[in-house]
Participant: 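First the structure, then my questions, so here it is.
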There are 2 protein chains.
Amino acid sequence: MSGFYQPHPRFLQAIDCVIFGFDLEKLKLLLIHRDFEPQKGKYSLMGGFLKESENLDEAAGRILEKLTGLDNVYLEQFNTYSEVNRDPAARVISTAYYALIKIDESDRDKTQSHGAEWFDINEIPELIFDHNSMVENAFDIIRHKSKFYPLGFELLPEKFTIPQLQKLYEVINQVKFDNANFRKKIMSMNLLVKLDEKEKEGSKKGAFLYQFDKEKYDKLIQSGFLFEI
Amino acid sequence: MSGFYQPHPRFLQAIDCVIFGFDLEKLKLLLIHRDFEPQKGKYSLMGGFLKESENLDEAAGRILEKLTGLDNVYLEQFNTYSEVNRDPAARVISTAYYALIKIDESDRDKTQSHGAEWFDINEIPELIFDHNSMVENAFDIIRHKSKFYPLGFELLPEKFTIPQLQKLYEVINQVKFDNANFRKKIMSMNLLVKLDEKEKEGSKKGAFLYQFDKEKYDKLIQSGFLFEI
DNA sequence: GCAAAAGTGTTGAACTTACACCCATGT
DNA sequence: ACATGGGTGTAAGTTCAACACTTTTGC
């Protein structure tokens, strides 16, 4: 039974993670300052190699946990990179994932011990191999996908204000929205639960905090509802 | 330089193609009746293994050409499947592509010599391994993507009528559209060139033929236009 | 002449957009 | 008291969905 595939070549299989975060001001990316070979000293995405005992999703989760301490994170495969010389040291196929994490929940000790730093999405340094392409592709995908799926809430704290949510969509789409209209659109979906607390950092008046109601969203989806920003 | 990655395992890397076509009535998929092991006798997607000398896009193009004789086809990677036991014969990672082809241009001799047959998308038989999941995933993606990108024209002959275009979108989305409104929406985009010919098979009156103007589309995109059905 | 599909026109409802305006509060 | 960002209201413009209607032709 195991003889059919003998003549075909085998490849090293890597995983790279494009990790997005939002600090309530800017969209950020978590990058590694490499103190290991190859390309020691440069910046890169967090990555690793696939093991015999796991699938790619599991490997991506393992790698992300190692860096951030976070489990149960929004993590999605988006492309597999396979240029023959993408990695000059060896033929490596790399499957890329993007992760959306809540910065405030990540483990600072872990990220620091890996030499990881947050970069503004508009100020990404030169990265190794094809990692800059991976970042661009991932950003394009979340920009498009965030319009039709409630991805945004993965990047915000559990409790957030409407202006914070608006700011997030503005930095993702690199546009300005009218605050009155943005609010109306979001509210008309009935997906947010208003809390009795206010957030007072951002303004003198303070803004009410809300939570995303995932159960309600799942129910609405069943009945044909389309999320759209 | 080549010693860094030594301890990591290597994997067989396959490519599988979900090949869509439209016969002006139904959305179809090109499947192989396997007369080879493993799983001889069952149906599967067309696939193959990655070579040392090529990347995945090139491999997918090669495999598609072998089956259909077609070059320069709309072909896009959409997911990499890596379950540990997805192929019981060996650990194989498979990157899946979907192709949109014009049935009338494919090489019948080639497809027949590979034992390939067209199946209605709603009547797909049981396929080997995880190929049924691949088909479902690919269909979901083209359904979504065809709303915002002019994918449909890849499936139609060079010259087509508005009712044919409408029928295509109806079978992709499994809905019925109002013909007056569909026509208005398409026409308002100014992307079709009306020809002086009529198509007389489909009806007594006959319908005018049109061509998709790719150059105009590219120009409009530059200036911020959004295609949407 | 009638059935059937191609193609046009009209209308009210729904949704967007722009913008004026009020509210609460720290300084 | 006033500047600042939070939050509400409204009117005009645009798009959308439903459907009535006309056209052409093979039988």
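Quick note: numbers below take in every heavy atom, side chains included, and nothing from hydrogens, waters or symmetry partners.
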Participant: Roughly how many Å is it from NZ in B/K176 to C1' in D/dA18, rounded to a whole number?
Facilitator: 15 Å

Participant: Provide, to the nearest angstrom, the distance between the CG atom belonging to B/L165 and the C1' atom belonging to C/dG7.
Facilitator: 15 Å

Participant: Figure out the CD/P separation between B/Q166 and D/dA17, and round it to whole Å.
Facilitator: 13 Å

Participant: Is the shortest side-chain N to carboxylate O distance from A/K159 to A/E199 below 4.0 Å?
Facilitator: no

Participant: Any side-chain donor paired with an acceptor under 3.5 Å for A/N137 and A/Y81?
Facilitator: yes

Participant: Check this for me: B/E201, atom CD, are more than 12 non-hydrogen atoms of other residues, nucleotides or ligands nearer than 6.0 Å?
Facilitator: no

Participant: Under 3.5 Å, which N/O atoms of the protein pair with N/O atoms of nucleotides 19-27 of chain C?
Facilitator:
unit_1	atom_1	unit_2	atom_2	d
C/dC23	O2	A/K205	NZ	3.1

Participant: Counting the benzene-type ring for Trp, do B/F153 and B/F160 have ring centres under 6.0 Å apart?
Facilitator: yes

Participant: Taking OP1 and OP2 of C/dT8, is either one under 4.0 Å from a side-chain nitrogen or oxygen of B/R183?
Facilitator: yes

Participant: Take the protein atom CZ of B/F177 and the nucleotide atom P of D/dA18, then report the distance between them rounded to whole Å.
Facilitator: 12 Å

Participant: Between the protein and nucleotides 12-14 of chain D, which nitrogen or oxygen pairs come in under 3.5 angstrom?
Facilitator:
none

Participant: Could you give the CZ-to-C1' distance, from B/F182 to C/dT8, as a whole number of Å?
Facilitator: 17 Å

Participant: Does the gap between the ring centers of A/Y169 and A/F22 come in under 6.0 Å?
Facilitator: no

Participant: Consider only side-chain N and O atoms of B/Y98 and B/Q77, and report whether a donor and an acceptor are under 3.5 Å apart.
Facilitator: no

Participant: Pick from A/I162, A/D213, A/L209: which one makes a side-chain contact (heavy atoms from CB on, under 4.5 Å) with A/L192?
Facilitator: A/I162

Participant: Mind calculating the distance between CE (A/M189) and P (C/dT16) to the nearest angstrom?
Facilitator: 10 Å

Participant: Using whole Å, report how far CG of A/L226 lies from C1' of D/dC16.
Facilitator: 16 Å

Participant: Would B/K147 and B/E228 pass as an ion pair if we require N to O under 4.0 Å?
Facilitator: no

Participant: Would you mind checking if B/D23 and B/K26 are paired as a salt bridge, meaning a charged N to carboxylate O distance below 4.0 Å?
Facilitator: no

Participant: Nearest-Å distance, NZ (A/K185) to C1' (C/dA14)?
Facilitator: 14 Å

